[in-house]
Amino acid sequence: MDSTIVMYSWIFMGLFIAFMLFMGWVGMRKTNTSDDFATARSSYGPLVVALVIAAGISSGSTFMGMPGLAYDIGTPSLWYPLLYPIATVIGMLFVAKVIKKYGDKFGTRTIPEFIGERYNSNFLRIALTIISILLIFYVVSQFVAAATMFQMMMGINYETGLMITAVVLATYVFMGGSHSDIMTDAIQGFLMVIVALVVFFSFVGSVGVDGGFSDMLATIDRENPEGGFSQLFLAGHDTYGAFWLVALLFIAHLPFSVLPHLGNKFMAVKTGRDLKKLIMYCTIFATVLPLMGLGGMLGLAVVGSDAGIAPDQIVPVLFSEIFPPVIAAFLAIAVLSAIMSTSDGLVVSLTQLLANDLYRKTLVPKLNITKEKAERNELLISRYSTFIVIIAAVILAWTPPEYLAVFMWIGIGGIMAATAGPLVVGALWDKATKTAALASLIAGTVTYWIVYLPFGFDFSNPFGAAGIGVLVSMVVMCAVTLATAENVQSTSDSEVETSI
């Protein structure tokens, strides 16, 4: 990497870290209770929360993994950035209002708690809490992306980049929890929108390629004949080999917005009346950010297929090739902000599995302790479990996976398959029963792992396995509800309130 780019990268990184720590301090001043740490409930406007959700959706996978896939296999991989924002926003339309309503009315803080209260079932809450530990795969993919950016743009080794990422995240999440997460992510989301637009216009303008747009397309066809723009599918590929596989990718993303680190953001918006604006803003941002995938195609034309780099490194390499050093460094740090914006929300969500779902909702009712002491303990657990999550992520990220976009879905797929029925169907259908939710969660989870794992069908495509699991979960939810609705009284809002 050019020494001038490295110098500017360190300058921008210093400013970036200082800003993150300052937001951590501001968040700490806003954090007085464990609920503040967990949700920042009803504290922010729809535009801010939309930037946060869009940034959380568009993680290191969007900003490095998807361009990497496009660079490696070509046009068929663009199905991913084309379809997942549409599916995610559709899913958001189903669940956002219900999550906000229950959160405001009953004080739910996490998605497992929401499902437990929705169906009046401790088993469902605890089961989903355990399943949600799979988010650690998502955290690991973000740490790998961040360390790779440090390695490429700042001239340090991968392991050192990993440690810097861990220390910065641990510090500001420990201080401010959800408030720090939301304030930093809103700024980071804005930077991410700028970077995605820069990449899009660079692609349209064929920046860095001799000749015009048609010459760039011809170069891409020469560099990767099987992945040129004339190819919709890649024969034999696990994810992009046929239309039905791409359809499964779309289906798998329908419950994406209810992942624990995203679903709890609906609780942070000021009022339920803001949800229409929130979803409108999310639609705009979630459509713009995946344009990063075109960076991989432009990189194929500018850098060539024989550059000797890992696919996920194409974005920083492309920036260094087509932009002046100061701009390349700034854009690279903005990409790093994309990674951090998802990592902090994931870390907060994982801490709440311990502090809220296990301690407050499971242990506290069985312990003879005062409400004030339980509150203090929960806030302490929330903060100090930050270090547990981050240490685990560093250990698992020490040896990076080949494809970030695929690796993170190993865990996400399991959560999606488990929650699609209880959350998506349950949000649309008031008569959905607890029995149906239990059957749906079990059926979706078992289906996903049987399809995906080597001792099952060995379907080595986590998107497809998740899509099948989501379909099974939703079908079982509908079928069992129809079979039990007459015999088992559905849990209405008033019944949930009475049980609480």
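Nothing here was measured: the structure is a model prediction, and the numbers come from that model.
- For residues 369-388, the pairs satisfying ring pair (Phe, Tyr, Trp, His ring centres under 6.0 Å) are F174-Y384, F174-F387, with sequence neighbours left out.
- Under the 4.0 Å criterion applied to side-chain N and carboxylate O atoms, K265 and D181 are assigned as salt-bridge partners.
- Using a distance-only test at 3.5 Å, with no hydrogens or angles considered, no donor-acceptor pair links the side chain of S121 to the main chain of G116.
- Distance alone, capped at 3.5 Å, places no donor-acceptor pair between the R109 side chain and the Q352 backbone.
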L51 and D185: side-chain contact (heavy atoms from CB on, under 4.5 Å), yes or no, with the steps?
-> CA-CA 7 Å; L51 281 167; D185 285 7; over 6 Å; no

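- Atom-to-atom distance recorded for T362:OG1 and I126:CD1 is 4.0 Å, nearest 0.5 angstrom.
- In this structure, the side chains of C282 and P46 stay at 4.5 Å or more apart for every pair of heavy atoms.
- The environment of CZ in F123 is sparse: at most 12 heavy-atom neighbours from other residues, nucleotides or ligands sit within 6.0 Å.
- With contacts defined as side-chain heavy-atom distances shorter than 4.5 Å, the pair L423/F94 does not qualify.
- In this structure, the side chain of R41 engages the main chain of G103 through a donor-acceptor pair within 3.5 Å.
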Evaluate the criterion side-chain contact (heavy atoms from CB on, under 4.5 Å) for residue pair L438 and Y119; output intermediate values, then yes/no.
-> CA-CA 9 Å; L438 289 167; Y119 298 102; over 6 Å; no

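- In this structure, CD1 on I73 lies 7.5 Å from OG1 on T239, to the nearest 0.5 angstrom.
- At distances below 3.5 Å, not a single donor-acceptor pair connects side-chain atoms of Y84 with backbone N or O atoms of P290.
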Evaluation steps, side-chain contact (heavy atoms from CB on, under 4.5 Å), between F250 and I90 = CA-CA 11 Å; F250 177 85; I90 290 173; 4.0 Å; yes

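- Within the model, atoms CG of L262 and OG1 of T88 stand 8.5 Å from one another, a figure rounded to the nearest 0.5 Å.
- Side-chain atoms of D36 come within 3.5 Å of backbone atoms of T33 as a donor-acceptor pair (strictly under, hydrogens ignored).
- When atom types are taken as modelled, the side chain of T283 and the backbone of I279 share a donor-acceptor pair closer than 3.5 angstrom.
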List the steps and the verdict of side-chain contact (heavy atoms from CB on, under 4.5 Å) for L245 and W79.
-> CA-CA 10 Å; L245 290 169; W79 282 112; over 6 Å; no

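- Counted by atom type alone, T484 and T433 present one or more donor-acceptor pairs between their side chains at under 3.5 Å.
- Taking both residues in full, the closest heavy atoms of L289 and V193 are given as CD2-N, 3.5 Å, listed atom of the first, atom of the second, then distance.
- No side-chain heavy atom of V139 sits less than 4.5 Å from a side-chain heavy atom of I390.
- Taking 4.5 Å as the limit, some side-chain heavy atom of T108 sits within range of a side-chain heavy atom of M267.
- Remark: the backbone N or O of A268 is not paired with any side-chain donor or acceptor of S43 at under 3.5 angstrom.
- Atom OG1 of residue T110 and atom CG of residue D357 lie 3.5 Å apart, to the nearest 0.5 angstrom.
- Side-chain contact between L169 and F143 is present, with heavy atoms from C-beta onward closer than 4.5 Å.
- Remark: the backbone N or O of R383 is paired with a side-chain donor or acceptor of T386 at under 3.5 angstrom.
- With rounding to the nearest 0.5 Å, the separation of CG in L358 from CD1 in I381 is 9.5 Å.
- To the nearest 0.5 Å, the span separating CE on M474 from OG1 on T419 amounts to 10.5 Å.
- The nearest pair of heavy atoms linking A417 to Y448 is CB-CB, 3.8 Å.
- A side-chain N or O of S42 and one of K100 form a donor-acceptor pair less than 3.5 Å apart.
- L471 has its side chain within reach of I251: a pair of non-hydrogen atoms, C-beta onward, lies under 4.5 Å apart.
- Proximity of T351 to F37: side-chain heavy atoms (C-beta onward) are separated by under 4.5 Å at one or more points.
- Within 6.0 Å of CZ in F233 there are more than 12 heavy atoms belonging to other residues, nucleotides or ligands.
- In this structure, S385 contributes its side chain and I388 its backbone to no donor-acceptor pair below 3.5 Å.
- For M416 against H253, the heavy-atom pair with the smallest separation is CE-CA, 4.4 Å.
- E375 and S34 share a side-chain donor-acceptor pair at under 3.5 Å.
- Here the closest non-hydrogen pair linking Y452 and A465 is CB-CB, 3.8 Å.
- When every heavy atom of P112 is checked against every heavy atom of L353, the shortest pair comes out as CG-CD2, 4.2 Å.
- Using a 4.5 Å heavy-atom threshold, the side chains of V480 and S440 count as separate.
- Across all their heavy atoms, N264 and S349 have their closest contact at ND2-OG, 4.2 Å.
- Side chain of T481 to backbone of A432: no donor-acceptor contact under 3.5 angstrom is found.
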